[in-house]
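Below: one structure, written as structure tokens.
Note that ligands are numbered from 1 as they come in the structure, with each ligand's atoms numbered from 1 the same way.
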Amino acid sequence: MGNKTIRLKIDGIEVEVETGKTILDAAQAAGVRIPTLCHDRRLIPFGACRLCVVQQKGKSELLPACFTPARGGMEILTQSPEIAKSRRLQLQLILLNHPMICPRCEKEGECDLQSLVYEYGVEETRYPWEKIPFPPDDLSSLLQRDPNKCILCGRCVRICDEVQGVGELSFTERGIQTAIDTDFHRPIHCEFCGQCLDTCPVGAITTDRFDTSVKAWELTETTTPCPYCSCGCYLTFGSKEGAIKRVFSDPGPNRPNDGNLCVKGRFGWDFVDHPDRIKTPLLRVNGAFKEASWEEALRFMAQRLEEVKEKHGPDAIAGVASSRLTNEEYYLFQTLFRKVIGTDQIDQEGGSSDQGLTEGLAETLGFAASTNSIREVRKADCILVIGTDPAETHPIIKNEIHLAIRRNRAQLIVLGVRDIGLTRATHTSPLSPPSIVLQEKPNMEVSLLNGMIHTILEQGLEDKPFIEGRMEGFEPLKKKMSRFDLRMLSEETRSEVENAARAFAKAKRAMILIGSGLGSSLHAKEIAIASSNLALITGHIGKESSGVLMLLGKCNSQGALDMGVFRRGDKGSIMNFFKRAEERSLKALYAVGVDPVTDHADSDRLKKILQDLPLLVVQDLFMTETAKIAHVVLPACAFAEKGGTMTNLERRVQKLNPLRPPQGESRSDFDIFSELLRVLEGPVPGKTPDEVFERICQENPLYRGIQDGEQWPGGIPYLYADGFPTGKAKLIPVEAVTAPPAMEGYPFCLVQRPSLFRSGLLSSKSEALEMVTERPHLEMNPGDAQRIDLADGETVQASAPGGRSLKMKVKYSSKVFPGVITVPCPSSLVDERGMGPVKIEKVHKE
Ligand code: SF4
């Protein structure tokens, strides 16, 4: 143990714990159970239920174990007649306003109170009391609340405030009327993460999305990583005979999510049982689909691929894969293209941004990956968030930032075209420094970062010993940055850049979080290099809670890059495939888990282009717009029905555990690729995902020896503590990018805005997420809106050059920079950068 430790005895068992731990922590370390109702290890101890009372040997005083610090030499007893009497009394008091029997409670069999009542033999309450009725909440989406079952432990209130930073629930009224409620008892309107549901120890908060008619003891539990963002949270499914009944968060070791989940992980899995899932292979015959056997479909596909290759060469065939396949599936996919077809024409969705970010870090630091771990964010003193809103894209990281602000008084710096909700709390809390927001026009991220580097060097705030020993290229960087002219930024931004630079340089532990949710994808590589320069010159690399995290797009974006599924040169990009398809030099496209027709800005045009391809194969769970025009449709199974591994954004390699076999005739992408390789008489690298993973570990030194749940390389949580793989890190000056001038007649820049509830095909097929998805709206700076006489809530038309347009209600938002408007992603009005010029006009009612 690195920290100072103490030794004490719990029920005669000697245990060693770090100083600062509580008696409850020590008991848990000793394997001794102490009952609690208000305790949740993710929360600051509250001491409300008094069930955790214990005694010191030889003393009569009762101590609450959850917030009494453990001291060296203590001898603690967790059981005695006095302790049992006190716990019984507490249970009777708790039961005063709680039903004594458990009639039709969803939590039956999983209720901590029910278990304790049985354990302590509390049959009735001895005190006369007329129960006070409270109105239930049956109107909220996803969550139902019955305050009559509430025991006022406050866990829901605390997790919502302390961990989520939302504060939707609070203690209302006072004295015997105290209840937990929303303001004015309105329906819940929040992130719908369900953390309150998860922590509630009784049946006061429940959800009708879970089938509680099946009791806890009838469930089979299967733990597997979440299929949405790249945080890699673990979900534990409770299922019966292959049907999912509910989902819990898994607080086990090596869990990046610390037992927390967001709305997508907790409720968004229902797409796996969506009735629209394709369950049979389909072949287009005379313009219409007919069901086919796997043998038929794969033979047809293989024959057509061979024909194209023979006639037009291997580069006439391209493949695009989603960022949600497993590592083993990517390995087979790239084997199919590189070794059997003989082409490098493969790319993954979201490739330009994720690939740019990882390439940038690889060039400067050595590894194409995030330097640190998600759980380290909470211990940082300064956090710089660039071009993304983690609350919408990576909600568990939003929690980590909130914990850093709340518990560590961290300085938050936000850089980009749009402010994020997290900054609000820092302006109302007297305990944390107010956030610094560096907002400019789109494409100015590199300039703002260079401005920070310029200030640090000018003011001599760089970490000189760290620079001297561990990096090269300092003098050229210094020379280039000395010429950076801060006057290219607005006066207000200039002073904020200086404040941000000082805060970042002076922090003991500083982290940079880069994402691509808000329109910066075109310069992702430059942003990553500039971020790396900033972290390096300030010495914020190679230490715990100091480094750069890349908020990659989807659950296995990192794995796809690790397995080599990325473009090699611009010719191998998705956009180039479409261009070549239009020029008719591309003849066949294999689209796996992607729906370019829906996702492309000019959907109608792309549909026409792909329709004209001699061969279009789509492999997916659903009949997407692209699948509808394909020649062959191959039904893939869901993440909960397959094995393999994925690698999250912090390099953690996580095993998938299937809870049931693939549904209908659907197959895992692994089985489909394996079979196709066999039909094409190509090499099959392994019969099972385990065999292919072994192969990956042999070929890729980063994966060598990695076990389930460990981070590559060698299980280390943060990189570069012992130096850089190439000897020294490289400082590479990057040119400041200036915003392009506005196009005449199109004064606004439209930027796509990510949404917590909608992140692509899977979320669009979730009934639960659909229930809470906000109605699409166009966000606009109030000053801009008022200047063109638009009222909040008014319907407008946004039009791009070329005639494409959309109609939406305007929402005033001071989060967006003047001149910028945001709309939900995906939008047909943006280009490959995720942005585009638009004009805004009022829609006059007829
Ligand atoms: Fe899934 Fe990401 Fe939400 Fe975690 S934060 S539950 S990985 S979507």
Ligand 1 to G232, heavy atom cutoff 4.0 Å, flagged ligand atoms 7 (S)
For atom 3 (Fe) of ligand 1, protein N, O or S atoms at a distance below 2.8 Å amount to 1
Practice task
Begin from the C-alpha positions of S545 and R509 and carry the test side chain to side chain donor-acceptor pair (under 3.5 Å) through to its verdict.
Solution key: CA-CA 6 Å; S545 304; R509 294 174 299 265; 4.6 Å; no
Quiz item: For the side chain of Q663 and the backbone of P661, is there at least one donor-acceptor N/O pair under 3.5 Å apart?
Solution: yes
**Study point:** N/O donor-acceptor pair under 3.5 Å between S813 side chain and E779 backbone
**Key:** no
- Message: Parallel, tilted or perpendicular: which one describes the rings of F210 and F267, with boundaries at 30° and 60°?
- Response: tilted
Going through the distances and angles, do D273 and R660 end up as a salt bridge (charged side-chain N to carboxylate O under 4.0 Å, His left out)?
-> CA-CA 12 Å; D273 289 319; R660 66 184 187 198; 3.0 Å; yes
Output yes when E641 and R277 qualify as a salt bridge under the 4.0 Å nitrogen-oxygen rule, no when they do not. yes
